Amino acid sequence: MPGNSHTRNFDRCIAAIIVGLYMYRTTLIESKALRVDTERRVAIVTGASSGIGKATARRLVDLGWKVIGTGRDPQRSADTATEIAALGDFTMLQADFTSMSQVARLAEEIRSCTSRLDVLIHNAGGVRDRKIVTEEGTEATFAANLLAPFLLTHELLPLLTVDPTASSRVIAVSSSAHRIANGIDWNDPQSLDRFNTALAYGRAKLAIILFIRELARRGAASGIVAHSMHPGTVSTNFAAHGDTGMREYMASADTVPPEEPADTLVWLATSPEGGRGSGRYFHRRAEEEIPSDEARDDDAARLLWQFSSRLLCGLGRSLSEL
Ligand SMILES: NC(=O)c1ccc[n+]([C@@H]2O[C@H](COP(=O)([O-])OP(=O)(O)OC[C@H]3O[C@@H](n4cnc5c(N)ncnc54)[C@H](OP(=O)(O)O)[C@@H]3O)[C@@H](O)[C@H]2O)c1
């Protein structure tokens, strides 16, 4: 029947348009994710003077990326600069992440090294052996593990969003230790009043997951993809900064070499999968671990963003809007 054949042709036509649109959309997503691999390759790796960050920076440089690493200890930073710069395009900068004025100065130095940034890896941080209140009045664990990445991300937003047709990636090294924090204590978010080394560390690692979650939501329109990850129990210099309990625990723990989490970080930085979705939490190249309920609390993520912004504004930092 002519009517039936007309209907069939119309249906075929609609089906072809739908398939065409789907393929066009898929190609767009793939090409946006793949651009990072093929055309644009500038990364910051914080905490590159040791352990996981150093192994990650080395891998990215081996892959031909331009990498800017940061360190705190002058000798470790100098040694790393010599070692990795011999392999390719590597610059080492120094700043103590417990000081927001040093983080702001570091951002200025980064802006003078590059006009574009494809990947920002927030790896610097760790546990402390005691409560340390900084000159700026912040608690050192919270400052290094959360406030510094928060401020550095804001300071580098213009570099991360320079090309509106491409996406950039922000990846944070958190820890399964975030599970020991029973949520953020809104009466004392920094653990300034009641301090316990392990709990303060767990809270700071919970806070960085929440920051990444909120960054993923706010940054989506600007092409920012953000993920966090747990590196495992890793044989690094980590325990040297902790108390006796932490040193004993790490000495007897089954550990993996820093190259293992570095492999996941590099994969998140370079693979199409690392560009898909946002606000995800990885371990060993997979989402096999689900972060705690507290780490998936969007209200807490919003509140923490506001708290961190207010705190940094109080310290004289003006933050770009996202
Ligand atoms: N090792 C583990 O089992 C484990 C488990 C879960 C999560 N993590 C996380 O993994 C990340 C990397 O740690 P890692 O295990 O590789 O330990 P690491 O060998 O001690 O390396 C830590 C890096 O961060 C830098 N850093 C630490 N505090 C800093 C501060 N206040 N200001 C500036 N830089 C600072 C260190 O600089 P300097 O060396 O120059 O001082 C070093 O480059 C940390 O965020 C840590 O919390 C580690």
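Given the structure is predicted, the values throughout are model-derived calculations rather than measurements. Order of listing sets the numbers, starting from 1, for every ligand and every atom in it.
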Ion pair present between D263 and R285, side-chain N to carboxylate O less than 4.0 angstrom?
yes
For A95, take its heavy atoms, then give the atoms of ligand 1 lying under 4.0 Å from any of them.
32 (N), 33 (C)
Looking at the rings of H227 and W267, which for Trp means the six-membered one, are their centres under 6.0 Å apart?
no
Polar contact flag for G53 and ligand 1 (N/O pairs, less than 3.5 Å):
no
Can you check whether G71 has an N/O within less than 3.5 Å of an N/O in ligand 1?
no
With atoms numbered from 1 as shown, which atoms in ligand 1 lie under 4.0 angstrom from a non-hydrogen atom of D96?
30 (C), 31 (N), 32 (N)
If the threshold is 4.0 Å, N to carboxylate O, is there a salt bridge linking R76 and D79?
no
Using a strict threshold of under 4.0 Å (side-chain N to carboxylate O), is an ion pair present between E273 and R276?
yes
With distance as the sole test, does T134 use its side chain to make a donor-acceptor pair with the main-chain N or O of A140 at under 3.5 Å?
no
Among non-hydrogen protein atoms, atom 34 (N) of ligand 1 lies closest to R72 CB, 3.6 Å
Atom 19 (O) of ligand 1: which protein heavy atom is closest, and how many Å away?
S50 OG, 2.6 Å
List every atom of ligand 1 that sits less than 4.0 Å from any heavy atom of T236, numbering the atoms from 1 in the order shown and giving each element.
1 (N), 14 (P), 15 (O), 16 (O), 17 (O), 19 (O)
So is M250 polar-close to ligand 1, meaning N/O to N/O under 3.5 Å?
no
Measure up the F211 and F150 rings against each other and bin them: parallel (under 30°), tilted (30 to 60°), perpendicular (over 60°).
tilted
Against heavy atoms of Y201, which atoms of ligand 1 measure under 4.0 Å?
6 (C), 7 (C), 8 (N), 9 (C), 46 (C), 47 (O)
Is it true that a side-chain atom of E136 and a backbone atom of M100 form a donor plus acceptor pair closer than 3.5 Å?
yes
Among all protein heavy atoms, pick the one closest to atom 9 (C) of ligand 1 and tell me residue, atom and distance.
V173 CG1, 3.7 Å
Atom indices of ligand 1 within 4.0 angstrom of G126 heavy atoms, with elements:
47 (O)
Is it the side chain, the backbone, both or neither of K54 that has a heavy atom closer than 4.0 Å to ligand 1?
neither
Which atoms of ligand 1 are found less than 4.0 Å from any heavy atom of A144?
31 (N)
Less than 4.0 Å is my threshold; does some heavy atom of K205 fall inside it relative to ligand 1?
yes
Test salt bridge (charged side-chain N to carboxylate O under 4.0 Å, His left out) applied to D62 and R59, step by step:
CA-CA 5 Å; D62 274 344; R59 272 290 302 283; 5.8 Å; no
Any heavy atom of S49 under 4.0 Å from ligand 1? The part involved is both
Could you tell me whether a side-chain N or O of T161 sits under 3.5 Å from a main-chain N or O of L157, the two making a donor and an acceptor?
yes
Looking at atom 3 (O) of ligand 1, what's its closest protein heavy atom, distance included?
V234 N, 2.8 Å
Going by the atom numbers of ligand 1, which of them fall below 4.0 Å from some non-hydrogen atom of T233?
3 (O)
Option set S175, P258, A124, criterion heavy-atom distance to atom 24 (O) of ligand 1, minimum
A124
Quick one: look up the protein heavy atom nearest atom 44 (C) of ligand 1 and list residue, atom name and how far away it is.
N123 O, 3.2 Å
protein heavy-atom neighbour closest to atom 5 (C) of ligand 1 works out as G232 O, 3.1 Å
For ligand 1, note which part of S174 has a heavy atom under 4.0 Å away: side chain, backbone, both or neither.
backbone
Apply side chain to side chain contact (heavy atoms under 4.5 Å, CB included) to the pair L60 and V45, showing each step before the final yes or no.
CA-CA 10 Å; L60 285 171; V45 181; 4.1 Å; yes
Is R58 salt-bridged to E83, going by a charged N under 4.0 Å from an acidic O?
yes
Which atoms of ligand 1 are found less than 4.0 Å from any heavy atom of F97?
30 (C), 31 (N), 32 (N), 33 (C)
Electrostatic pair D298:R217 at N-O distance under 4.0 angstrom:
no
Identity and distance of the protein heavy atom lying nearest atom 39 (O) of ligand 1
R76 NE, 2.8 Å
What protein heavy atom is closest to atom 26 (N) of ligand 1, reported as residue, atom name and distance in Å?
G125 N, 3.7 Å
Pairing of R203 and E139 as salt bridge, 4.0 angstrom limit
no
Answer with yes or no after comparing the ring centroid distance for H241 and Y201 against a 6.0 Å cut-off, counting only values under it.
no
